[in-house]
Amino acid sequence: MDDRRAKLAAMAEAGGEPWPYSASPTAHAADVVAAHSGLEDGAETEDRYVLAGRMMLRRGQGKLIFAELADRSGTLQLFVSKSVVGDDGFASFDDLDLGDWIEVAGTAMKTRKGELSLKVDGVRLLAKCIRPLPEKFHGLVDEEQRRGRRYLDLVANRDSLDVFVARSKMVSAIRRFLEERDFLEVETPVLQPIYGGAAARPFVTHHNELDMRLYLRIATELYLKRLIVGGMERVFEIGTNFRNEGISFKHNPEFTMIELYQAYADYDDVMDLFEALVPYVAERSVGTTTITHPDHGEIRLDGRWPRITLRDAILEQGKVDIDSASDDELRAALVAAGYDPKGDTTRGKLIDALLTKFVEPGLIQPTFLIDYPVELSPFARTHADNPKVVRRFEAFAAGMELGNAFSELNDPALQLERFQQQAQARAAGDDEAEQLDEDYVTALEYGMPPTGGLGFGVDRLAMLLTGQRSVRDVILFPARRTKA
RNA sequence: GGGAGCGUGGCGCAGUUGGUAGCGCAGGGGCCUUUUAAGCCUUUGGUCGUGGGUUCGAGUCCCACCGCUCCCA
């Protein structure tokens, strides 16, 4: 570091500008590769480019230097010859350190060994890298640093950069998909006086001027459905939700969720929509609809996904019928599988545990589980054929829940009843039960048309599409304990 | 909450039964006009996560704490 700082000082002393104001690259590394990859070994061109990026590798060869320039698109070898840049130019290139940001000008060529390169005739330091970069071959391995100092991870580990580029394209593709179908993107409050729309504990905060307790939202659901009442017909929001819960390979306390609501649709329509959305997004973010997952092998996202009722799935994997079994029988099935259901006080929670324990890990290929118990779904519409279940589905892949959807309950009296059941559950010790939202009931009293709704986690989908095992590897700055 | 493992120079890693810390990369100096993690010669960096303890002596053994990873509830 001292040495690199000294170079900066010497440069300033000699009248150079160590921190130039701007740069003017004309191309990315990948552009040069795309234009000239067909060159014969040893061939040179007159095609000039100006590139900017970080110098990542250097191989000195006496009066020749090979270096590797990395930009967002990829890398390109630089071919620096003393006979081209002269003694001074060569010396100043030799003075650069790994990690320095540089701007280089030159012509496309291919070396005798067949490596496409830029034959450099001009170099300019754009910004000095004062600290040495992580090791060039193994990259940055230490998880603590990879996540805590993501910028270093992105510099040192190309794979990591690729994941986040894919995630960005994914979000963009989701927007396009929904806009093509006439959905309006909206923004609803992050700070909410009453939180709802999911079974979770909230983060609590306080507004000084209003002297009011506010919660960071755990879902966007109830606000978005108010917009359906208002006549917006098709809305979606891409937003951060906050849940004050444990951190695991699939949970981060703040995460990105998409919720969408479509008037005049039901959960079958929403299944079709999600089934079309996922391959559309996969194609445009990772370039394929067949994912190779590190733990589960090939996962095919296109085609029609199986629909299985939750009852059938639990019956097959857990050997217990949630339609007829008593609570004790459900509990016994869990105990037999070595799971202690002591914290699961309600029937809904027991069924949820059966799903998590027996069914979810085996759902590798995309699958819809449909028709959930009413206790677990206070905002979903009751099934006409069976009052114990609602018209709801969850989508799974890679042994993980991706999304959750239902035909929305729009009967205000029934909704109020469901809120009251939730209040009982809370009184019985369920601290994840829904809070009564009177204004939401009032909104329903003004009339919400038949509506289908869907929520899915952007982070989970990013994990699936990029084959990452941990949600922390698809979140740029995941939550972590920091030094006090 | 329970269990297992990890923490050693900027980065990636070694460190035998406790005996005074090594290797590779990066950095410095030198050689080299076709390298691909270039190579060769040479050289500078570390009170081994923190705090106690055992011992003549601790990176190594014991205790506590901090942080991370994985598995389980």
Side-chain angles (χ1 to χ4, degrees), chain A residues 1-8 10 29 33 39-44 54-70 74-87 89-91 93-100 109-120 128-149 151-158 245-251 294-295 331 334-335 337-344 349 352-353 356-357 361 468-473 478-484:
Chain A
M1 262 179 83
D2 288 347
D3 195 69
R4 294 185 181 203
R5 285 209 178 94
K7 284 180 187 173
L8 267 186
V33 173
L39 273 182
E40 300 275 314
D41 292 356
E44 304 204 4
R54 229 187 243 280
M55 187 174 76
M56 296 301 290
L57 287 175
R58 184 176 48 196
R59 300 177 281 275
Q61 192 60 232
K63 297 183 180 65
L64 252 190
I65 295 173
F66 297 95
E68 200 168 283
L69 186 78
T75 62
L76 185 70
Q77 176 168 274
L78 304 178
F79 180 97
V80 185
S81 167
K82 200 171 205 170
S83 62
V84 174
V85 296
D87 287 358
F90 196 78
F93 194 93
D94 197 38
D95 213 32
L96 294 171
D97 290 293
L98 292 186
D100 286 353
M109 62 165 281
K110 210 162 214 180
T111 62
R112 288 176 213 159
K113 293 277 174 63
E115 178 83 13
L116 187 66
S117 308
L118 192 74
K119 187 172 186 179
V120 173
K128 191 73 186 166
C129 178
I130 295 168
R131 293 174 182 267
L133 290 179
E135 211 247 5
K136 64 187 179 187
F137 185 58
H138 298 93
L140 185 66
V141 172
D142 180 55
E143 295 293 345
E144 203 174 338
Q145 288 217 60
R146 282 193 54 225
R147 292 161 180 165
R149 305 169 93 181
Y151 50 89
L152 263 191
D153 179 43
L154 295 172
V155 172
N157 302 324
R158 194 84 210 178
E245 294 170 344
I247 296 176
S248 79
F249 72 96
K250 51 181 175 177
H251 297 96
D295 298 322
R331 226 172 250 120
L334 284 166
V335 171
Y339 178 88
D340 177 9
K342 65 175 184 306
D344 300 310
K349 294 221 166 207
D352 193 42
T356 305
K357 182 75 192 171
Q468 296 299 305
R469 290 192 174 96
S470 173
V471 74
R472 283 167 294 200
D473 291 326
R480 27 182 257 115
R481 211 181 295 272
T482 49
K483 296 169 204 87

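Below, read A as the first sequence line, B as the second, and so on, with proteins coming before strands; counting in each chain starts at 1. All values reported here derive from a predicted model rather than from experimental measurement. Computed over heavy atoms, backbone and side chain alike; hydrogens, waters and symmetry mates excluded.
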Query raised in the report: Taking Arg54(A) for the side chain and Gly99(A) for the main chain, is one N or O donor matched with an acceptor at less than 3.5 Å?
Result: yes

**Report entry** Per Lys357(A) side chain, nearest of listed nucleotides rA73(B), rA26(B), rG12(B)
**Finding:** rA73(B)

Report task. Please determine, for the side chain of Arg112(A), which listed nucleotide (rG28(B), rU36(B), rU34(B)) has the closest atom? Result -> rU34(B)

Query raised in the report: Nearest to the side chain of Tyr339(A) - rG28(B), rA73(B), rA37(B)?
Result: rA73(B)

Report task. Scan Gly338(A) against the nucleic acid and name what it touches under 4.0 Å (heavy atoms): base, sugar-phosphate only, or nothing. Result -> sugar-phosphate

Report task. May I ask you to say what Lys110(A) touches in the nucleic acid, namely base, sugar-phosphate or nothing, with a heavy-atom cut-off under 4.0 Å? Result -> nothing

Query raised in the report: In the strands shown, is rG24(B) matched to any nucleotide by a Watson-Crick or G-U wobble pair with both distances under 3.5 Å, and which?
Result: rC11(B)

Query - Touch class at under 4.0 angstrom, heavy-atom based, for Arg146(A) against every strand present - result: nothing

Query raised in the report: Is any side-chain nitrogen or oxygen of Gln145(A) closer than 4.0 Å to OP1 or OP2 of rC11(B)?
Result: yes

Report task. Could you check Phe249(A) against Ser83(A) and say which one's nearest nucleotide on RNA chain B is further toward the 5' end? Result -> Ser83(A)

Query - Integer angstrom distance from the P of rC48(B) to that of rA58(B) - result: 11 Å

Query - Arg146(A) with Asp473(A): basic N within carboxylate O range, under 4.0 Å - result: yes

Query raised in the report: In whole angstrom, what separates Glu143(A)'s CD from rC68(B)'s P?
Result: 12 Å

Report task. Give none if rC61(B) has no partner; otherwise give the nucleotide forming a Watson-Crick or G-U wobble pair with it, both distances under 3.5 Å. Result -> rG53(B)

Query raised in the report: Is it true that Asp100(A) and Lys128(A) make a salt bridge, defined as a side-chain N closer than 4.0 Å to a carboxylate O?
Result: yes

Requested in this report: Provide, to the nearest angstrom, the distance between the CE atom belonging to Met56(A) and the P atom belonging to rC25(B).
Outcome: 17 Å

**Report entry** Out of rA26(B), rG12(B), rG27(B), whichever nucleotide has its closest atom nearest the side chain of Arg58(A)
**Finding:** rG27(B)

Query raised in the report: Side chain of Arg58(A), backbone of Leu96(A): donor and acceptor closer than 3.5 Å?
Result: yes

Query - Closest listed nucleotide, where the reference is the side chain of Lys63(A) and the choices are rG67(B), rU33(B), rU36(B) - result: rU33(B)

Requested in this report: Would you classify Arg147(A) as touching base, sugar-phosphate or nothing, given that sugar-phosphate means primed atoms plus P, OP1 and OP2, and contacts are heavy atoms under 4.0 Å?
Outcome: sugar-phosphate

Requested in this report: Take atom C1' in rU20(B) and the same atom in rU60(B), then report the distance between them in whole Å.
Outcome: 13 Å

Query raised in the report: What interatomic distance, in whole Å, is found between P of rU50(B) and the corresponding atom of rG7(B)?
Result: 13 Å

Report summary line: Winner on side-chain proximity to Glu115(A), out of rU36(B), rU34(B), rG28(B), is rU36(B)

Query raised in the report: Between His138(A) (NE2) and rC23(B) (P), how many Å, whole number?
Result: 17 Å

Query raised in the report: Can you name the nearest heavy-atom pair linking Asp97(A) to Met55(A), along with the distance?
Result: O-CE, 3.4 Å

Report task. Considering only NZ, NE, NH1 and NH2 on the basic side and carboxylate oxygens on the acidic side, decide whether Glu44(A) and Lys119(A) come within less than 4.0 Å. Result -> yes

Requested in this report: Evaluate side-chain contact (heavy atoms from CB on, under 4.5 Å) for Asp95(A) paired with Lys7(A), printing each intermediate quantity in order.
Outcome: CA-CA 8 Å; Asp95(A) 213 32; Lys7(A) 284 180 187 173; 3.7 Å; yes

Requested in this report: Rounded off to whole Å, could you give me the CG-to-P distance for the Leu78(A) and rU34(B) pair?
Outcome: 18 Å

Report task. Would you mind reading off the distance between Arg131(A) atom CZ and rG10(B) atom P, rounded to a whole angstrom? Result -> 10 Å

Report task. If rU69(B) has a Watson-Crick or G-U wobble mate with both distances under 3.5 Å, name it; if not, just say none. Result -> rA4(B)

Query - Leu140(A) CG - rG10(B) C1' separation (whole Å) - result: 11 Å

Query raised in the report: Counting only side-chain N and O atoms of Lys136(A), is one of them less than 4.0 Å from OP1 or OP2 of rA26(B)?
Result: yes

Query raised in the report: Is there a Watson-Crick or G-U wobble partner for rC48(B) with both distances under 3.5 Å, and which nucleotide is it?
Result: none

Requested in this report: Give the rounded distance in Å between these two atoms: CD of Gln61(A) and P of rC40(B).
Outcome: 13 Å

Requested in this report: Sticking with atom C1', work out how far rU42(B) lies from rC32(B), rounded to a whole angstrom.
Outcome: 16 Å

Query raised in the report: Among rU33(B), rA38(B), rU34(B), which nucleotide sits nearest the side chain of Thr111(A)?
Result: rU34(B)

Query raised in the report: Is the closest basic N to carboxylate O distance between Arg469(A) and Asp295(A) below 4.0 Å?
Result: yes

Report task. Mind checking Ile65(A) for me? I need base, sugar-phosphate or nothing, with any heavy atom below 4.0 Å counting as a touch. Result -> nothing

Requested in this report: Mind checking Gly139(A) for me? I need base, sugar-phosphate or nothing, with any heavy atom below 4.0 Å counting as a touch.
Outcome: sugar-phosphate

**Report entry** Out of rC68(B), rG28(B), rG12(B), whichever nucleotide has its closest atom nearest the side chain of Lys7(A)
**Finding:** rG28(B)

**Report entry** Atom C1', compared across rU8(B) and rC23(B): separation rounded to whole Å
**Finding:** 13 Å

Query raised in the report: Taking the P atom of each, how far is rA73(B) from rG10(B), in whole Å?
Result: 40 Å

Requested in this report: Return the value, rounded to whole Å, for the distance between atom CG of Asp94(A) and atom P of rG29(B).
Outcome: 9 Å

Query raised in the report: Looking at the angle O4'-C1'-N9-C4 for a purine or O4'-C1'-N1-C2 for a pyrimidine, is rG45(B) syn or anti, with syn meaning within 90° of 0?
Result: syn

Query raised in the report: When the P atoms of rG28(B) and rC70(B) are considered, how many whole Å apart are they?
Result: 37 Å

Report task. Look at Arg472(A) and rU69(B) and indicate whether a side-chain polar atom (N or O) is within less than 4.0 Å of OP1 or OP2. Result -> yes

Query raised in the report: Nearest nucleotide by nearest heavy atom, which residue falls closer to the 5' end of RNA chain B, Glu135(A) or Leu64(A)?
Result: Glu135(A)

Query raised in the report: Does rC31(B) have a Watson-Crick or wobble partner in any strand here, with both distances under 3.5 angstrom, and which is it?
Result: rG39(B)

Query raised in the report: With distance as the sole test, does Glu135(A) use its side chain to make a donor-acceptor pair with the main-chain N or O of Phe137(A) at under 3.5 Å?
Result: yes

Requested in this report: With C1' as the reference atom in both, quote the distance from rU55(B) to rA37(B) in angstrom, rounded to an integer.
Outcome: 45 Å

